[in-house]
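Order of the sequence lines fixes the chain letters, A, B, ..., with proteins taken first and strands second; residue numbering starts at 1 for each chain.
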Amino acid sequence: MTQPIERQAADVDLPTQYRPADVEGKLYERWVADGLFAADPARDPSRPSFSIVIPPPNVTGSLHVGHALDHSIQDVLVRRRRMQGYETLWVPGMDHAGIATQNVVERELAKQGVSRHDLGRAAFVERVWQWKAESGGRILGQMRRLGDSVDWSREAFTMDEPRARAVRTIFKRLFDDGLIYRAERIINWCPRCLTALSDIEVEHAEREGELVSIRYGSGDTEIVVATTRAETMLGDTAVAVHPDDDRYRHLVGTEVELPLTGRRIPVVADEHVDPSFGTGAVKVTPAHDPNDFEIGRRHSLPSVTVMDERGVITVHGPFQGLDRFEARPAVVAALRQEGRIVKEVRPYEHAVGHCQRCSTVVEPRVSLQWFVKVAPLAKAAGDAVRDGRVRIHPPEMAARYFAWVDNMHDWCISRQLWWGHRIPVWYGPDGEVLCAGPDEEPPAGWTQDGDVLDTWFSSALWPFSTLGWPERTPELERFYPTSVLVTGYDILFFWVARMMMFGLYAMDGVEPFKVIALHGMVRDQHGKKMSKSFGNVVDPLDWIERYGADATRFTLLRGANPGGDVPVAEEWAQGSRNFCNKLWNATRFALMNGAHVRGDLPERLTTADAWILSRLQNVIAEVDGHLEAFEFAKACETLYHFAWDEVCDWYVELSKVQLNDERAEATRRVLGEVLDKLLRLLHPIVPFVTEELWTSLTGADTLVTAAWPAAEQALVDKDAETLVESLQRLVTEVRRFRSDQGLKPGQRVAAALDFAGSPLAAHEEGIRSLLRLTVPAEGFTATASLPVEGVTVRLDTAGAIDVAAERKRLEKDLAAARKEVEQTRRKLGNADFLAKAPEAVVAKNRDRLAQAEADITRLEAQLAALPAA
RNA sequence: GGGGCUGUGGCGCAGUUGGCAGCGCGGCGAGCUUACACCUCGUAGGUCGUCGGUUCGAAUCCGGCCAGCCCCA
């Protein structure tokens with residue numbers, strides 16, 4: 001009658017536990033070798049396109065858990081579109097990370113006692129390329145471990161030849177349009193890296209410092225200023241007060257003596273002074289403070305530079321040659337000696353800017369630098385979002401975007417480094433300036449500007465430079481604008497706004513991406529930021545090794561609510577690993593029992609079959625909707641719940657009975673169908689385990705390009721869902737009884753089932769199987785009787801039942817039912833409620849009341865039937 | 001100083017337009033029931049930060065307060 005299960009089981013060669021390491025590397029290499037991730041702009045133009053450019057990781061970096069999240073999300077999007085039949089392109093690559101890379105190589109040289117200046121510029125740059133070839137870009141190999149379905153044939157680097165061409169092209173265009181200029185401004189300067197930094201390369205951190213109040217002038221002209229940077233007073237060229245401040249009105253326009261220097265400096269009135277801070281008077285050092293620089297410009301003040309590029313004091317005998325941090329106490333001591341110190345607050349907490357790459361305290365410095373005039377570009381970047389051409393997801397994040405682009409300062413793009421795109425400007429013998437485009441040669445003898453461009457300048461071109469711009473390539477034609485940009489909200493300003501500005505500018509107003517999908521930061525299980533010093537850093541490669549790439553991805557995606565931070569923990573990775581193992585074993589069970597996907601679904605379905613197929617349709621629709629909306633956490637949750645709690649815990653259990661009778665063949669087909677669709681839905685999230693299982697189940701080559709499932713309305717069966725829900729309540733209730741009575745889960749118990757006309761009668765076998773209830777023999781006497789879901793289960797507990805436990809249970813349920821009745825009655829007795837609440841809500845409450853009343857009747861009868869204790 | 005976010009069972013999070021508080025992990029109890037102990041079954045645990053308002057009805061809307069976090073200056 002039934003197929004010989006033993007024989008089929010022998011055909012199934014799957015271990016009882018899923019071992020990711022056995023399959024992941026093998027599958028990935030096959031995917032790449034088969035060209036499944038390769039995009040072809042010429043292929044079937046009728047198909048829609050879907051493209052993503054990867055936020056290029058730093059060439060010096062390795063895969064951290066933040067990348068793992070970012071990449072997992074992109075991979076889900078790309079893999080789903082691929083299955084939906086889109087021509088998909090996911091471009092991989094790296095950025096050259098000017099300062100970081102130069103620092104790495106300089107550090108290496110330093111070990112040999114060599115500086116970059118010893119080598120000279122050309123040899124040093126050569127050396128960096130060599131470093132890149134040997135030890136750069138480790139992350140690319142690590143991306144394979146995670147399963148990134150990128151098109152490796154299109155790997156790009158922000159410093160390679162095509163990208164260099166793009167940089168030269170756009171620089172020339174911006175220059176010719178007057179959007180790039182050179183000017184002497186105060187910029188952020190790193191005295192260790194010896195280069196300018198843009199605003200966003202400076203990290204502000206609270207530090208303990210000091211606030212020293214110094215008396216300038218004397219007698220009638222006395223005025224006290226407070227500062228955290230006493231050493232800069234050597235470069236003061238004014239004292240500023242608010243124009244409406246009566247305390248100082250009489251001093252405005254006069255001069256006061258600047259201590260230690262013997263100079264006299266003016267007192268000026270400026271709106272930007274906060275009269276409520278300190279004494280309401282501030283010292284003005286235009287050469288060493290950005291705010292003071294502005295005040296200086298407004299009042300035509302001279303600018304006195306007191307430090308060199310390394311932060312060493314260059315003026316005033318006793319201080320000359322001191323580092324800025326040595327000079328500070330020295331200056332304070334000298335002032336104290338002169339009786340100039342009025343007050344000292346120590347420690348004084350205040351925000352200090354640090355170099356993002358080396359953590360050195362940034363020194364504002366006046367110098368000649370190149371800038372991008374951002375106003376018109378930023379306006380366009382803002383408008384693209386305001387007009388809805390580019391959608392920021394989640395939408396709440398748009399406020400932060402606008403706050404940034406609408407208040408952007410001109411962007412300092414020159415860096416005093418050797419590693420980077422050299423500024424394509426040449427100077428002639430008579431001070432002529434020439435910007436040369438990609439195919440232009442400067443006149444012989446002219447010298448090129450020594451600076452290089454900010455790395456972000458080239459990464460801002462990424463969405464189109466990777467597609468071949470400035471040529472009008474088929475790639476650009478087909479894949480620009482890219483479909484979505486996936487990145488953390490922390491670099492919305494760093495990078496996204498810049499790509500928007502340059503994309504709109506270079507591509508004649510066409511935006512670089514249609515959607516900006518933002519995710520949060522990965523944090524530990526207590527919401528703490530991961531940091532090496534805290535010791536709570538998760539290494540994704542460690543997780544991949546121990547739990548598998550799929551489990552790593554699932555853990556991250558399961559926590560990925562739009563825009564929200566993603567907490568992760570070891571236990572959750574284990575849970576994800578367990579989930580993968582559950583899928584493995586469910587499929588293993590199915591295969592051992594001959595499940596398959598051949599042919600149509602059976603004509604005749606049992607209620608269990610109809611139920612799981614119906615649920616499957618709901619799940620398909622739900623998951624599809626979640627993924628479309630970037631709701632990765634919800635998609636994972638839905639799939640996890642369906643696979644584990646519905647397919648495994650109920651359908652597989654019910655199928656065991658069906659596989660033993662004439663329904664076996666139909667059941668094999670339904671099992672196959674459910675797993676087929678489930679594995680397809682899960683594939684973008686957990687590609688490896690699903691590929692391995694699905695190819696075993698179907699015999700097909702790969703799931704990577706299999707069709708994405710669509711829900712079929714015809715398979716939705718509300719009646720089956722209702723009936724199985726009833727069955728589940730019945731089974732759960734009897735299990736509770738068994739547990740209360742101390743019956744072991746596996747223990748067989750004789751029971752008689754009286755269905756009294758319930759449609760559940762058709763599922764007697766399934767119910768008996770789930771509950772381990774055997775058919776009673778002759779002379780059976782029940783020791784307990786349970787009325788549930790219209791069915792009476794009478795069972796022989798093989799001994800006296802625990803009346804006390806049963807009474808306790810029934811009384812608990814009774815109390816809950818009574819509370820329910822009371823609450824619902826009160827509601828339904830409220831005339832306002834009946835008058836104002838919607839019909840459906842009222843009806844729902846009536847149903848609840850009826851249900852609760854029926855429960856009370858039943859429970860009271862059961863209690864009455866209990867023998868006295 | 002400006003702007004933003006968060007506060008729901010021990011921990012981490014969901015809760016769409018207001019209409020029975022859910023999930024995962026962990027805890028407790030029982031079990032190796034021929035897919036899986038990376039498992040199964042059962043179970044405990046929350047007046048949704050706080051005070052007030054709107055409403056027939058508030059975790060959900062409005063306001064004050066408290067606590068914590070982030071970004072920008």
Side-chain angles (χ1 to χ4, degrees), chain A residues 5-6 9 12 14-19 199-200 204 274 276-277 290-291 351 353 396-397 399-400 402-404 407 489-490 492-493 520-521 523-529 547-548 551 555 558-559 561 563-572 574-593 629 631 633-634 636-638 640-641 644-645 648-649 652-653 655-656 731-732 735-748 769-772 809 819-820 823-824 826-827 829-838 840-842 844-845 847-848 852:
Chain A
I5 289 168
E6 295 75 18
V12 176
L14 295 176
T16 60
Q17 283 191 355
Y18 172 53
R19 287 195 291 271
D199 293 348
I200 55 176
H204 293 271
D274 177 2
S276 66
F277 180 81
N291 293 322
E396 305 92 81
M397 291 280 180
R400 300 175 65 158
F402 292 130
W404 173 255
N407 297 292
Y489 59 71
D490 57 327
L492 188 57
F493 328 122
M521 308 292 102
R523 293 172 182 274
D524 74 7
Q525 64 267 53
H526 302 297
K528 283 220 162 55
K529 218 169 177 170
Y547 305 123
T555 304
R558 193 184 194 182
N561 287 116
D565 286 340
V566 181
V568 297
E570 185 83 22
E571 302 90 284
W572 307 343
Q574 284 167 11
S576 301
R577 185 260 326 256
N578 297 352
F579 178 59
C580 292
N581 191 241
K582 193 73 180 174
L583 295 172
W584 179 266
N585 274 291
T587 310
R588 184 164 163 267
F589 167 84
L591 291 172
M592 285 166 69
N593 287 284
E631 295 276 7
K634 291 196 172 82
C636 288
E637 198 54 46
T638 302
Y640 184 93
H641 177 259
W644 203 311
D645 300 345
C648 292
D649 288 351
V652 165
E653 292 306 322
S655 78
K656 286 176 182 174
V731 169
T732 303
R735 278 174 176 165
R736 284 170 64 177
F737 175 81
R738 287 183 55 124
S739 182
D740 286 347
Q741 292 302 314
L743 295 167
K744 299 184 193 327
Q747 190 177 330
R748 310 257 159 203
S769 161
L770 286 162
L771 287 167
R772 320 270 161 213
R809 148 96 331 127
K819 194 176 164 197
E820 176 83 2
Q823 283 179 341
T824 323
R826 198 189 310 139
K827 216 168 217 184
N830 183 335
D832 281 333
F833 174 74
L834 294 176
K836 293 178 182 172
V841 175
V842 176
K844 206 164 155 189
N845 276 277
D847 287 350
R848 285 177 59 186

For this session: Give the B/S/- string for nucleotides 23-34 of chain B, one per nucleotide from 5' to 3', where a protein heavy atom under 4.0 Å of the base yields B, of only the sugar-phosphate yields S, and otherwise -.
Result: SSS----BS-B-
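Across the P atoms, B:U16 and B:G49 are found 14 Å apart, a figure rounded to whole Å. Taking the P atoms as reference points, B:C61 lies 11 Å from B:G19, given to the whole Å. B:U54 sits 46 Å from B:G42 when the P atoms are compared, rounded to a whole Å. For B:A59 and B:U47, the C1' atoms lie 12 Å apart once the distance is rounded to whole Å. Comparing B:G27 with B:G64, their C1' atoms are spaced 39 Å from each other, to the whole Å. A distance of about 15 Å separates the P atoms of B:U34 and B:U40, rounded to the whole Å. Separation of the P atoms belonging to B:C56 and B:G2 is 39 Å when rounded to the nearest angstrom. Nucleotides B:C25 and B:C32 are separated by 24 Å at their C1' atoms, to the nearest Å.
Separating the NZ atom of A:K836 from the P atom of B:G57 is a distance of 8 Å, rounded to the nearest angstrom. Look at NZ on A:K582: it is 6 Å from C1' on B:C39, rounded to the nearest Å. Between A:L591 atom CG and B:A35 atom P the separation is 13 Å, expressed in whole Å. Taking atom CD of A:Q823 as the reference point, atom C1' of B:A21 lies 12 Å away to the nearest angstrom. In this structure, A:K827 places its NZ atom 18 Å from P of B:U55, rounding to the nearest Å. The interatomic distance linking A:L14 (CG) with B:A35 (P) rounds to 14 Å, in whole Å. Between A:M521 atom CE and B:C5 atom P there is a gap of 17 Å when expressed in whole angstrom units.
The two atoms that bring A:L770 and A:E653 nearest to each other are CD2-CB, 3.4 Å, heavy atoms only. In terms of heavy atoms, A:T555 sits closest to A:S576 at OG1-OG, 2.7 Å. When all heavy atoms of A:A852 and A:E820 are compared, the closest pair comes out as CB-CG, 3.6 Å. When all heavy atoms of A:V731 and A:L771 are compared, the closest pair comes out as O-CD2, 3.4 Å. Annotation for A:P745 and A:R738: closest pair O-NH2, 3.5 Å, computed over non-hydrogen atoms. Between A:A633 and A:G559, the closest heavy-atom pair is CB-C, 4.3 Å.
We find the CG-NZ distance between A:N830 and A:K836 to be 9.0 Å, quoted to the nearest 0.5 Å. Taking CZ of A:R809 as the start and CD of A:Q741 as the end, the distance is 10.5 Å to the nearest 0.5 Å.
The 5' end of RNA chain B is approached more closely, in terms of each residue's nearest nucleotide, by A:R848 than by the other of A:R848 and A:R523. Residue order along RNA chain B, read from the 5' end via each residue's closest nucleotide, puts A:A586 first among A:A586 and A:D832.
At least one side-chain heavy atom of A:K656 sits under 4.5 Å from a side-chain heavy atom of A:F589. In this structure, A:N845 and A:F833 have side chains that are in contact, with non-hydrogen atoms separated by less than 4.5 Å.
Among the nucleotides B:C38, B:A35, B:G19, the one closest to any side-chain atom of A:N585 is B:A35. Of the candidates B:C56, B:U40, B:U43, the closest approach to any side-chain atom of A:A837 belongs to B:C56. When distances run from any side-chain atom of A:D649 to the nucleotides B:U40, B:C56, B:C36, the shortest one goes to B:U40.
With hydrogens and angles ignored, no donor-acceptor pair under 3.5 angstrom links the side chain of A:R735 to the base of B:C41.
A:C580 comes within 4.0 angstrom of nothing in the nucleic acid, heavy atoms only. Within 4.0 Å of A:E653, counting heavy atoms only, lies at least one base atom of the nucleic acid. Among the atoms of the strands shown, only primed sugar atoms or phosphate atoms (P, OP1, OP2) are found under 4.0 Å from some heavy atom of A:T732. Within 4.0 Å of A:V652, counting heavy atoms only, lies at least one base atom of the nucleic acid.
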For this session: Quick one: do A:L14 and A:M592 satisfy side chain to side chain contact (heavy atoms under 4.5 Å, CB included)? Show the steps, please.
Result: CA-CA 9 Å; A:L14 295 176; A:M592 285 166 69; over 6 Å; no
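The side chain of A:R738 places no N or O atom within less than 4.0 Å of a non-bridging phosphate oxygen (OP1 or OP2) of B:G42. Under 4.0 angstrom from either OP1 or OP2 of B:C20 there lies at least one side-chain N or O belonging to A:K844. Within the 4.0 Å cut-off from OP1 or OP2 of B:C39, at least one side-chain nitrogen or oxygen of A:N578 is found.
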Give every pair of a protein N or O atom and an N or O atom of nucleotides 13-17 of chain B that lie under 3.5 Å apart, one pair per line with the distance.
unit_1: B:G15; atom_1: OP1; unit_2: A:K634; atom_2: NZ; d: 3.1

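Between A:Y18 and A:W584, the ring planes lie tilted relative to each other; the angle falls in the 30° to 60° range.
Residue A:R772 is tested with A:Q747, A:K744, A:R748 for a side chain to side chain contact (heavy atoms under 4.5 Å, CB included); the sole match is A:R748.
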Problem set entry | Which nucleotides of RNA chain B pair, in dot-bracket form (Watson-Crick or G-U under 3.5 Å, | meaning another strand) | ((((((((.[[[[.)...(..]]]].(((((.......))))).....[[[[[..)....]]]]]))))))).
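A cation-pi arrangement is absent between A:K582 and A:Y640 under the rule of less than 6.0 angstrom and at most 45 degrees off the ring axis.
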